[in-house]
2 protein chains.
Amino acid sequence: MKKVTLNDVSRAAGVSRSTASLVLRGNPRIPEATSDRVRLAMAELGYVYNRQAANMRRSESMTLGLIVTDIRNPYFAGLTMTIEEAAHDAGYTLFVGYSRDDVERQYLQLETMVQQQVDGIFLLPATGSELAPVCGIIDRSSVPVVQLARYFSEELDYVGPDNVAAGQQLAQHVSSLGASTAVLVGGPEHSSARTERIKGLETGFTGSGVAFDASLSAATTNNAAGGSEGVARVLDQGIWPDCIVAYSDAVALGIYAELRRRNLDPGRDVSVASFDDIAMAELLLPPLTSVSTYPELIGRRAADLLLNRIRDPALQPQRSLIEPALKVRASTAQWRPRT
Amino acid sequence: MKKVTLNDVSRAAGVSRSTASLVLRGNPRIPEATSDRVRLAMAELGYVYNRQAANMRRSESMTLGLIVTDIRNPYFAGLTMTIEEAAHDAGYTLFVGYSRDDVERQYLQLETMVQQQVDGIFLLPATGSELAPVCGIIDRSSVPVVQLARYFSEELDYVGPDNVAAGQQLAQHVSSLGASTAVLVGGPEHSSARTERIKGLETGFTGSGVAFDASLSAATTNNAAGGSEGVARVLDQGIWPDCIVAYSDAVALGIYAELRRRNLDPGRDVSVASFDDIAMAELLLPPLTSVSTYPELIGRRAADLLLNRIRDPALQPQRSLIEPALKVRASTAQWRPRT
DNA sequence: CGGTATTGGTAGACCGATCTAATAGAAATC
DNA sequence: GATTTCTATTAGATCGGTCTACCAATACCG
């Protein structure tokens, strides 16, 4: 039951290991008669190619790493699947780690991936990454890294939605409803994505007649529990906005639930709008107005970027922003100002 | 900018490579004075451990593989995260592949993982795996495999929900509502999970007064689109059941949407019940009755099983079933027989 | 004081591929 | 017939660790 190696194959086929290796890689210098004999021996012995051994000599491992916070958020699930597909299509196998938005975990995952000699890493940084010794391990190994959806370093590539534009689009739509107050609920406090979305909302609301005060917004974890908690915190302060802007659709789900617990009807008593536009948004009741940030495009673009950088590590760090698109649905359409 | 190796470290510390290697692994035979010197050299040179190289001699790679169909289904997302956590906690790094329920893709992913020398594989088999040459690659490399949630081979470990019991629980609940007809919608036609759930429903409905005909059920992909399509197919045949049993919560989402498109009110005009009990089920309107199949338990159990088998490959193949639990919610509670 | 244990360390084979440089023999050229 | 070119193949070094076997020096023992 021992492992079959190239040596065993070559011996069985009556050639040298070098020749067997050449056959393996389809070298045209080997005539068919010989390569057929080798391939037959492989099949008969049940040979399995050992990539790790090959990697020792070649300088690439044909593996990539992906670290995201939590795929129970469908937005990150979609992003993850796109990246896996791109990696697979390019012949890479993908290591995946879920940081759960914990920098300590993220650090350990980065480190083991680097030790496994990955050729590149997709990183959706945990909040607080800028403070942690994340960079240390990255530039000690000089592995190419592309930041996804959030960023903490200007020296690394970044691909994400144009959050500022997304915020502006949402603000414009909300003000066109005739709302007079809006508040942001949810999202990790110090992430670049949240800061940018706030900035977009602020510029979008400026001069629109809608009162929007970012300091009233409630930062939370990026999931339904966060949404419930965040909206509770806002309402319990006695703030009753015309429109609640959720940090993400995952958060909006929790907002819907908490509003209902308080006998408020989202879309009638208060508008709700959000970011991401996951598939679920359309299926909710009422369907949720959301700015699509196209995780498939982000993933695809990130993969292109990383593969390019692997080919040419000297490339300048790039920032690539994906244009968002507002999807208006009933969660804002049905709402009418209270009289 | 060349890579720093143990050789470089040992030279800088004035010891042999063997000694440096012993320090790396915390061998107690090396006195502190020496190991401190070595560790200092590592830090100064920016040494990064190369696991691939180490794996060549040791017989384990400290990597595991996970192949699932699609994590946009929150049930699989939860399962995936649990397994990643277990792998991480045990010191393993995880390769992940999404088969998209395509045996061809699944086969390629299995093969590259095996070539990467994974120590074990978690496999949520794509439908049709029994027909494909999946086993070939698995037993050629004799890598331990645990099947998740579905199975196609009796010779491999399996961990999943007790689908028969789940079906029975659901059937009993539905018949207690006073419904007189029920139909199953969705799910991949030939998967073991679907067959078992049908079996559970059939035995549960037997003698209960509820007419349930498995041959009327509509098999579809396991997602919202499948649910919409499946329920449309059923209703368009002129079948109007009192209760629709969805293959999974993901499917139920599409069923809700399609019913509404037809001006039917789920939970009033027709009961809906389902399997899985994802977090979303509770947040829907109406909240969805569902049988919880505890992905966290399945993942944890599967991880224990795989790690045990890696330690002792001679173990008999195991089947481990997780006890389900019915969560009754408004999607069945409000329903009253039409008069 | 001779002999045995113990401590601290090392040389060199080894894992399974790739890759360079070389070689034997056949074919082509002069 | 001698030289060159080409084709098919191979020996052996190499990647970066681990592991076995062994050695030298000191400590311990009766």
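Chain A is the first sequence line, chain B the second, and so forth, proteins listed ahead of strands; every chain is numbered from 1. Everything quoted here is computed from the prediction, not taken from an experiment.
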A/Asn55 has an atom CG; how far is it from atom P of D/dG16, in whole Å? 12 Å
Base, sugar-phosphate alone, or nothing: which one does B/Thr5 contact when heavy atoms must sit under 4.0 Å apart? sugar-phosphate
Nucleotide interval of DNA chain C bounded by contacts with chain B (heavy-atom cut-off, under 4.0 Å): C/dG8 to C/dG16
Are there more than 12 heavy atoms of other residues, nucleotides or ligands under 6.0 Å from atom NE2 of B/His88? yes
Rounded to the nearest Å, what distance is computed from the CZ atom of residue B/Arg51 to the P atom of nucleotide D/dG17? 13 Å
Counting just side-chain N and O atoms, does A/Thr34 come under 4.0 Å of either OP1 or OP2 of D/dT9? yes
Send over the distance from B/Met56 CE to D/dT14 P, rounded to a whole Å. 17 Å
Take atom NZ of B/Lys3 and atom C1' of D/dG16, then tell me their distance rounded to the nearest Å. 9 Å
Whole-Å distance between D/dT10 C1' and A/Leu6 CG? 13 Å
Expected output: side-chain A/Asp157 to main-chain A/Arg319 donor-acceptor under 3.5 Å: no
Tell me what A/Arg29 touches on the nucleic acid: a base, only sugar-phosphate, or nothing, going by heavy atoms under 4.0 Å. base
Quick one: the side chain of B/Arg17 and the base of D/dT18, do they pair up donor-acceptor inside 3.5 Å? yes
B/Arg57 has an atom CZ; how far is it from atom C1' of D/dG16, in whole Å? 12 Å
Round to a whole Å and report the spacing from CD of A/Gln117 to P of D/dG16. 9 Å
Confirm from the modelled atom types if A/Ser18 and D/dA11 form a donor-acceptor pair under 3.5 Å, side chain to base only. yes
Answer with yes or no whether the side chains of B/Arg311 and B/Asn308 bring together a donor and an acceptor at under 3.5 Å. yes
Are side-chain N/O atoms of A/Asn223 and A/Thr221 paired as donor and acceptor at under 3.5 Å? yes
Would you say B/Arg25 places a side-chain N or O within less than 4.0 Å of OP1 or OP2 belonging to D/dC19? yes
Side chains of B/Ser129 and B/Gln106: is there a donor and an acceptor less than 3.5 Å apart? yes
Exactly one candidate in B/Leu305, B/Asp119, B/Val143 meets side chain to side chain contact (heavy atoms under 4.5 Å, CB included) with B/Ile310; the answer is B/Asp119
So, does A/Ser16 get its side chain near the phosphate of D/dT10, meaning an N or O under 4.0 Å from OP1 or OP2? yes
Passing candidate, side chain to side chain contact (heavy atoms under 4.5 Å, CB included) with B/Ile121, options B/Leu110, B/Leu156, B/Val146, B/Leu66: B/Leu110
Atom pair distance, as rounded to whole Å: CG in B/Leu24 and C1' in D/dT18: 11 Å
